[in-house]
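In the text below, chain A, chain B and the rest are named by the order of the sequence lines, each starting its count at 1.
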Amino acid sequence: DSGVTQTPKHLITATGQRVTLRCSPRSGDLSVYWYQQSLDQGLQFLIQYYNGEERAKGNILERFSAQQFPDLHSELNLSSLELGDSALYFCASSLEGRSGNTIYFGEGSWLTVV
Amino acid sequence: AQSVTQLDSQVPVFEEAPVELRCNYSSSVSVYLFWYVQYPNQGLQLLLKYLSGSTLVESINGFEAEFNKSQTSFHLRKPSVHISDTAEYFCAVSDRSRNNDMRFGAGTRLTVKP
């Protein structure tokens with residue numbers, strides 16, 4: 001158990017809909033990351049937050065947004081969903097946001113868009 | 001930006017045989033290097049990492065990896081594998097001078113056969 005908690009574990013929704021994935025980082029960790037894992041694109045870095053502020057941005061679509069709240073939990077919002085958005089979405093956390101910090105992953109949220 | 005290439009998508013091997021999972025990276029700046037392991041239906045777990053110092057790093061379960069700057073490689077090895085080592089292995093790199101937006105390779109599926 002990494003200490004990173006993600007909900008829901010599984011989610012099925014229709015195209016065009018909007019969903020929110022939730023993440024609680026490990027106790028004491030200030031930085032949160034979101035990754036998308038799919039068969040065709042592998043593990044893609046989406047976005048990083050540190051203590052409520054956006055720190056780095058990767059391959060995140062404009063239809064997707066995220067935020068980190070004052071209690072350090074984070075949410076990833078996915079809107080106007082397409083079939084291709086079906087994937088495993090990981091949240092991860094680290095103590096700080098500096099390069100070299102070990103990143104601890106949650107077990108992921110499986111999103112299926114039908 | 002940095003990138004990672006894992007040269008083998010699948011590596012089948014018999015139990016107690018040695019194994020090497022290959023990883024090459026590309027970056028214009030100094031990097032940190034990581035190997036993560038993903039067991040079925042679980043999130044990624046850190047196996048080992050290279051930050052500085054000795055170029056040979058070891059994990060607690062018998063894996064080791066060697067940082068080779070001239071060849072820009074960070075291959076993972078184990079002299080004798082077990083059935084329980086069956087998993088997906090990801091090599092990752094992060095830029096030392098930037099935030100922790102770690103970039104992952106496509107993964108290598110190690111299958112250990114009895």
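Contact of Tyr50(B) with chain A is not made at all, since no heavy-atom distance falls under 4.5 Å. The part of Gln37(A) that comes within reach of chain B is its side chain, from C-beta onward, which places non-hydrogen atoms under 4.5 angstrom from that chain. Both the backbone and the side chain of Leu44(B) come within contact range of chain A, each with at least one heavy atom under 4.5 Å from a heavy atom of that chain. Contact of Thr102(A) with chain B is made through backbone and side chain together, with heavy-atom distances under 4.5 Å. Contacts of Tyr35(A) with chain B are made by side-chain atoms alone, with heavy-atom separations under 4.5 Å and no backbone atom involved. Contact annotation for Gln38(B): only side-chain heavy atoms (C-beta onward) come within less than 4.5 Å of a heavy atom of chain A.
The backbone N or O of Gly3(A) sits less than 3.5 Å from a side-chain atom of Asp1(A), completing a donor-acceptor pair. Of the possible donor and acceptor atoms, one in the side chain of Thr86(B) sits under 3.5 Å from a partner among the backbone N and O of Val112(B).
Between Tyr49(A) and Ser31(A), the side chains place no donor N or O within less than 3.5 Å of an acceptor N or O (distance only, hydrogens not considered). In this structure, a donor-acceptor pair under 3.5 Å is present between the side chains of Ser70(B) and Asn68(B).
Between Phe63(B) and Tyr89(B), the ring center distance clears the sub-6.0 Å criterion.
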* Show the numbers, then the answer: is there a side-chain contact (heavy atoms from CB on, under 4.5 Å) between Tyr33(A) and Leu46(A)? => CA-CA 7 Å; Tyr33(A) 311 76; Leu46(A) 296 179; over 6 Å; no

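Contacts between residues 61-78 of chain A and chain B, counted as heavy-atom pairs separated by less than 4.5 Å, involve no residue at all.
For the atom pair CZ of Arg77(B) and CD of Glu58(B), the computed distance is 12.0 Å after rounding to the nearest 0.5 Å. In this structure, Leu48(B) CG and Phe34(B) CZ are separated by 10.5 Å, a value rounded to the nearest 0.5 Å.
In the displayed structure, Ile83(B) atom CD1 is contacted under 6.0 Å by more than 12 heavy atoms of other residues, nucleotides or ligands.
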